[in-house]
Amino acid sequence: MVRVRFAPSPTGYLHLGNARTALFNYVYARHTGGKLVLRIEDTDKERSKKEYEEMLIDDLKWLGIEWDEGPDVGGDYGPYRQSERTDIYNQYLEKLKESGHVYKCYCTPEELEEERKKALAEGRPPRYSGKCRNLSLEEQKKLEEQGIPYVWRFRVPDGETIVFEDLIKGTVEINVNEFGDFVIIRSDGSPVYNFVVVVDDALMKITHVIRGEDHLSNTPKQILIYRALGFQEPKFAHLPIILGEDKSKLSKRHGAVSVRAFRDDGYVSEAMFNGLMLLGWHPKRDSEVISKEEIIQEFDIEDVHNAPAVFDRAKLKWLNGVYIREILDLEDLTRRAIPFFEKFGYKADFEYYKKVMEAIRDSLETLMDIGERARPFFIDNFPYDEDAKSFLEDETGYKVVQLFYEKVKQLDNITKEDFKKITKEIQKELKVKGKGLFMPIRVALTGKTSGVDIATLVEVIGKDRVLHRLERALEYFG
RNA sequence: GCCCCCGUCGUCUAGCCAGGCCUAGGACACCGGCCUUUCACGCCGGCGACACGGGUUCGAAUCCCGUCGGGGGCACCA
């Protein structure tokens with residue numbers, strides 16, 4: 001049974017990179033019929049916040065990711081919040097003490113920082129010197145009597161090369177001399193990531209660790225701990241990181257990079273899911289528009305591309321448009337669009353929103369575009385664009401609108417068909433066609449030279465509002 | 001500085017592991033055309049890449065070596 005996990009630290013919104021990692025884990029779990037565990041890595045008290053955890057969960061759910069075990073749903077391997085697992089970590093720290101894999105280190109952060117700088121300046125890898133490695137009990141006692149705090153360091157065996165098979169990267173070899181004895185318990189007694197991640201993954205029976213490539217160089221440290229504790233190592237798969245336009249790791253500097261931001265900007269979750277998957281993975285067929293179900297069916301972790309990917313906003317936007325105009329069901333789409341209508345102050349009932357969405361969905365890329373494209377359906381007293389005025393300042397144009405007004409007035413109601421019939425009549429009577437015929441009407445009804453299909457517009461807004469707008473235009477340009 | 005990872009159109013990628021089917025396929029973007037009462041949508045077409053240099057081979061995008069380039073990591077962060 002495959003067991004994978006997504007283990008974010010609640011230090012902010014759900015970042016696109018993390019979202020993608022979560023997605024790959026989720027999809028892999030579903031593909032293999034395994035389980036996905038959500039674990040909150042909140043060992044950094046300085047940065048972790050409870051409200052961030054809720055936002056994180058909310059964003060994950062919105063994206064369509066479902067987990068089988070986690071802080072909110074429970075499970076057999078909890079607790080799923082690291083801050084609640086302190087006893088467990090202490091228990092395993094004891095084991096490491098007994099086996100002599102760890103020792104106390106009394107060096108101060110200042111001392112270490114100095115060593116670090118010196119090493120860097122001399123072109124050596126900045127690693128811990130091992131100064132406290134062989135302190136005698138008397139020496140330790142003496143230091144403790146002076147009230148000097150200590151951390152627990154893991155004793156790294158000298159010169160060993162750790163080799164592991166990464167499902168994406170292939171064989172990776174790293175010599176442990178690259179890093180010195182590393183801290184696993186802070187001076188305040190709290191455990192550090194590299195230690196807890198191993199204890200948790202092992203105890204939670206994680207079989208595949210799928211995470212960002214930025215963790216690649218941590219892996220040997222973790223493998224050392226797996227071995228020291230006698231745990232079986234999981235399989236590792238390191239996903240290439242996501243880059244910004246400038247090819248550096250995607251961060252806030254690159255603009256909106258949280259799932260929440262895209263959601264607020266009118267992106268639909270299906271498009272985010274699809275789009276994020278495309279960063280490093282590709283369906284077998286040519287079309288890149290692919291549903292969650294099909295992805296789950298087709299996905300395999302070993303098919304993940306191994307080079308970093310630049311996040312392509314334009315493509316995600318296009319994909320979002322595809323979902324809006326071709327894939328989502330009208331009713332569902334309308335429901336999701338309501339917050340956006342409201343945001344722009346466009347008030348109406350559901351049926352009306354639905355008609356509007358039907359009319360404009362083909363021209364939307366994001367739900368935010370509703371502000372622009374839906375305006376003619378809601379705003380009656382609009383300004384006339386400068387470049388649009390000429391159509392009504394033109395004598396024939398003005399006559400077209402006058403005649404159109406007369407004809408609409410005689411109808412009970414106006415439908416698309418009526419509109420076609422009327423304009424055809426005007427065409428004959430005034431001998432105008434094409435732009436000369438439609439533009440004056442368009443400008444009179446919307447104030448613009450471009451936008452939604454006019455026949456549809458008049459049918460949706462109805463006779464009274466059409467008349468009102470025409471009167472207003474005739475008066476304005478008369 | 002050291003270590004690790006990576007290098008196919010501007011971008012995401014297919015192909016690479018099992019060398020010939022590749023005068024390198026698709027998608028986004030861009031450009032042009034068509035459709036259309038407008039914008040958009042849609043359709044059609046165009047532009048455009050195997051980082052470089054050696055080797056192995058009858059034959060290399062695919063295998064090997066080197067160079068260059070990019071990225072990540074080197075915390076009492078995760």
Side-chain angles (χ1 to χ4, degrees), chain A residues 7-9 11 41-44 46-48 82 105 107-109 112-113 116 119-128 149-153 166 168-170 172-175 177-180 182-188 190-194 196-197 211-220 238 240-241 243 245 247-249 275 278-289 302 305-319 321 325-326 360-365 369 372-373 388 423 433-439 441-443 446 448-455:
Chain A
S9 54
T11 54
E41 308 220 325
D42 53 356
T43 55
D44 183 350
E46 306 276 297
R47 300 196 302 165
S48 299
Q82 290 186 329
C105 168
C107 297
T108 64
L112 295 171
E113 184 54 28
R116 209 181 108 85
L120 242 24
E122 289 169 13
R124 288 179 288 118
R127 41 172 280 195
Y128 178 62
Y150 61 87
V151 299
W152 286 95
R153 278 186 192 274
D166 188 282
I168 296 169
K169 301 290 177 190
V172 179
E173 295 183 28
I174 298 177
N175 190 291
N177 283 359
E178 288 316 315
F179 47 87
F182 53 92
V183 175
I184 65 162
I185 303 289
R186 299 186 184 93
S187 52
D188 68 356
S190 65
V192 172
Y193 169 74
N194 280 125
V196 298
V197 75
R211 76 227 303 193
E213 191 181 331
D214 42 345
H215 288 281
L216 192 62
S217 43
N218 274 323
T219 309
H238 287 94
I241 57 163
L243 273 24
E245 312 268 323
K247 308 257 175 129
S248 68
K249 194 173 169 182
L278 255 21
L279 258 27
W281 180 79
H282 198 270
K284 297 262 181 280
R285 51 150 187 263
D286 278 344
S287 172
E288 296 180 341
V289 181
E302 300 189 29
H305 193 61
N306 58 7
V310 174
F311 174 55
D312 190 345
R313 278 169 203 280
K315 192 161 181 172
L316 182 63
K317 199 167 197 179
W318 162 79
L319 196 55
R325 72 181 87 94
E326 294 173 22
I360 67 169
R361 67 185 297 178
D362 275 354
S363 65
L364 304 180
E365 273 195 307
D369 296 338
E372 185 62 35
R373 303 295 303 197
T423 48
K433 58 174 184 175
K435 285 190 183 184
L437 170 61
F438 293 97
M439 273 302 174
I441 299 174
R442 169 177 296 282
V443 174
T446 69
K448 294 183 175 298
T449 56
S450 68
V452 71
D453 174 60
I454 293 295

Closest of rG71(B), rC76(B), rG26(B) to the His282(A) side chain is rG26(B)
Check whether the side chain of Lys169(A) and the base of rC5(B) form a donor-acceptor pair under 3.5 Å. no
Under 4.0 Å, counting only non-hydrogen atoms across every strand here, what does Leu278(A) touch: a base, just sugar-phosphate, or nothing? sugar-phosphate
Side chain to side chain contact (heavy atoms under 4.5 Å, CB included) between Val310(A) and Lys247(A): does it pass, once the steps are laid out? CA-CA 6 Å; Val310(A) 174; Lys247(A) 308 257 175 129; 4.0 Å; yes
How long is the line joining CG of Asn306(A) and C1' of rG7(B), in whole Å? 10 Å
Would you classify His215(A) as touching base, sugar-phosphate or nothing, given that sugar-phosphate means primed atoms plus P, OP1 and OP2, and contacts are heavy atoms under 4.0 Å? base
Between Ser217(A) and Ile174(A), the two heavy atoms sitting closest are CA-CD1, 4.3 Å
Need one value for Lys249(A): base, sugar-phosphate or nothing, where a base atom within 4.0 Å counts as base even if backbone is also close, heavy atoms only. sugar-phosphate
Which value, in whole Å, describes the distance between the P atoms of nucleotides rG25(B) and rA14(B)? 15 Å
Watson-Crick or G-U wobble partner for rU37(B), using a 3.5 Å limit on both distances? none
With a 4.0 Å cutoff (strictly under), does any side-chain N or O of His305(A) reach OP1 or OP2 of rA14(B)? yes
Pick base, sugar-phosphate or nothing for Asn194(A), based on heavy-atom distances below 4.0 Å to the nucleic acid. nothing
So what does Tyr193(A) touch, heavy atoms closer than 4.0 Å: a base, only the sugar-phosphate, or nothing? base
Would you mind telling me which of rU37(B), rC4(B), rC6(B) lies closest to the side-chain atoms of Ala455(A)? rU37(B)
Pairing partner (Watson-Crick or G-U wobble, both distances under 3.5 angstrom) of rC22(B): none
Which nucleotide in rC41(B), rG25(B), rU38(B) has an atom nearest any side-chain atom of Arg325(A): rC41(B)
Phosphate-side-chain proximity, Asn175(A) and rC4(B), N/O vs OP1/OP2 below 4.0 Å: no
Side-chain N,O (Lys247(A)) to OP1/OP2 (rU11(B)) below 4.0 Å: yes
Find the distance Asp453(A):CG to rG42(B):P and express it as a whole number of Å. 17 Å
Does Pro308(A) reach a base, just sugar-phosphate, or nothing at all? Heavy atoms under 4.0 Å. sugar-phosphate
By nearest atom, which of the nucleotides rC12(B), rG72(B), rU38(B) is closest to the Arg442(A) side chain? rU38(B)
Could you please spell out the steps behind the side chain to side chain contact (heavy atoms under 4.5 Å, CB included) verdict for Glu213(A) and Asn306(A)? CA-CA 10 Å; Glu213(A) 191 181 331; Asn306(A) 58 7; over 6 Å; no
Verify the stacking flag for Trp318(A) against rC28(B): centroid separation must be under 5.5 angstrom and the ring planes must differ by under 30 degrees. no
From the candidates rG72(B), rC41(B), rC28(B), the one with an atom nearest any side-chain atom of Lys315(A) is rC28(B)
Considering only rC5(B), rC6(B), rA27(B), which nucleotide approaches the side chain of Val172(A) most closely? rC5(B)
Side chain Arg373(A) and base rC39(B) donor-acceptor under 3.5 Å: yes
Give one of base, sugar-phosphate or nothing for Ser217(A), where a contact means two heavy atoms less than 4.0 Å apart. sugar-phosphate
P atoms of rU11(B) and rA78(B), separation to the nearest Å: 35 Å
Any chance you could measure Ile360(A), atom CD1, to Asp369(A), atom CG, to the nearest 0.5 Å? 8.5 Å
When the C1' atoms of rC34(B) and rA40(B) are considered, how many whole Å apart are they? 16 Å
Please report the distance, rounded to the nearest Å, between CG in Leu112(A) and P in rC74(B). 15 Å
Of the candidate nucleotides rA78(B), rA40(B), rC39(B), which contains the atom at the shortest distance from the side chain of Ser363(A)? rA40(B)
Are the side chains of Tyr193(A) and Ser9(A) in touch, meaning some heavy atoms are under 4.5 Å apart? no
If you measure from the C1' atom in rG19(B) to the same atom in rU62(B), how many Å do you get, rounded? 6 Å
Specify the separation, in whole Å, of atom CH2 of Trp281(A) and atom C1' of rU11(B). 19 Å
In whole angstrom, give me the gap between the C1' atoms of rA27(B) and rA49(B). 15 Å
Leu316(A) vs Phe311(A), test: side chain to side chain contact (heavy atoms under 4.5 Å, CB included). Steps then yes/no. CA-CA 9 Å; Leu316(A) 182 63; Phe311(A) 174 55; 3.8 Å; yes
Where the side chain of Ala307(A) is defined as all heavy atoms beyond and including C-beta, which of rC6(B), rC41(B), rC76(B) is the nearest nucleotide? rC6(B)
Measure from CD on Glu178(A) to P on rA75(B) and round the result to the nearest Å. 12 Å
Using a 4.0 Å heavy-atom cut-off across all strands, classify Glu173(A) as base, sugar-phosphate, or nothing. sugar-phosphate
Can you see which heavy atom on Leu364(A) is nearest to which on Arg325(A), and at what distance? O-NH2, 3.6 Å
From rG73(B), rG25(B), rC12(B), nucleotide with atom closest to Asp214(A) side chain: rG73(B)
pair_partner(rA61(B)), Watson-Crick or wobble, both distances < 3.5 Å, evaluates to none
Considering only atom P, compute the distance from rC43(B) to rG48(B) and round it to an integer number of Å. 24 Å
Kindly indicate whether the side chain of Glu288(A) and the base of rG26(B) share any N or O donor-acceptor pair separated by less than 3.5 Å? yes
P gap between rG42(B) and rA60(B), integer Å: 42 Å
Closest of rA78(B), rA29(B), rC5(B) to the Val192(A) side chain is rA78(B)
For rC52(B), give its Watson-Crick or G-U wobble partner with both distances under 3.5 Å, or none. rG66(B)
Categorize Asp312(A) for me: base, sugar-phosphate, or nothing, with a 4.0 angstrom heavy-atom threshold over every strand shown. base
Walking RNA chain B from its 5' end, the first of Gly280(A) and Phe438(A) to be reached, judged by nearest nucleotide, is Gly280(A)
Touch check for Val151(A), heavy atoms < 4.0 angstrom, all strands: base, sugar-phosphate only, or nothing? base
Would Val172(A) and His238(A) count as a side chain to side chain contact (heavy atoms under 4.5 Å, CB included) if you check the C-alpha gap in whole Å, the side-chain angles of each, and the deciding distance to 0.1 Å? CA-CA 11 Å; Val172(A) 179; His238(A) 287 94; over 6 Å; no
Answer with base, sugar-phosphate or nothing: what part of the nucleic acid does Glu372(A) contact at a heavy-atom distance below 4.0 Å? nothing
Taking rA61(B) as the reference, what is the distance to rA18(B) when you measure between their C1' atoms (whole Å, please)? 16 Å
Tell me: CG of Leu319(A) to C1' of rU11(B), nearest whole Å? 14 Å
For a 4.5 angstrom cut-off between non-hydrogen side-chain atoms, does Pro283(A) reach Leu278(A)? yes
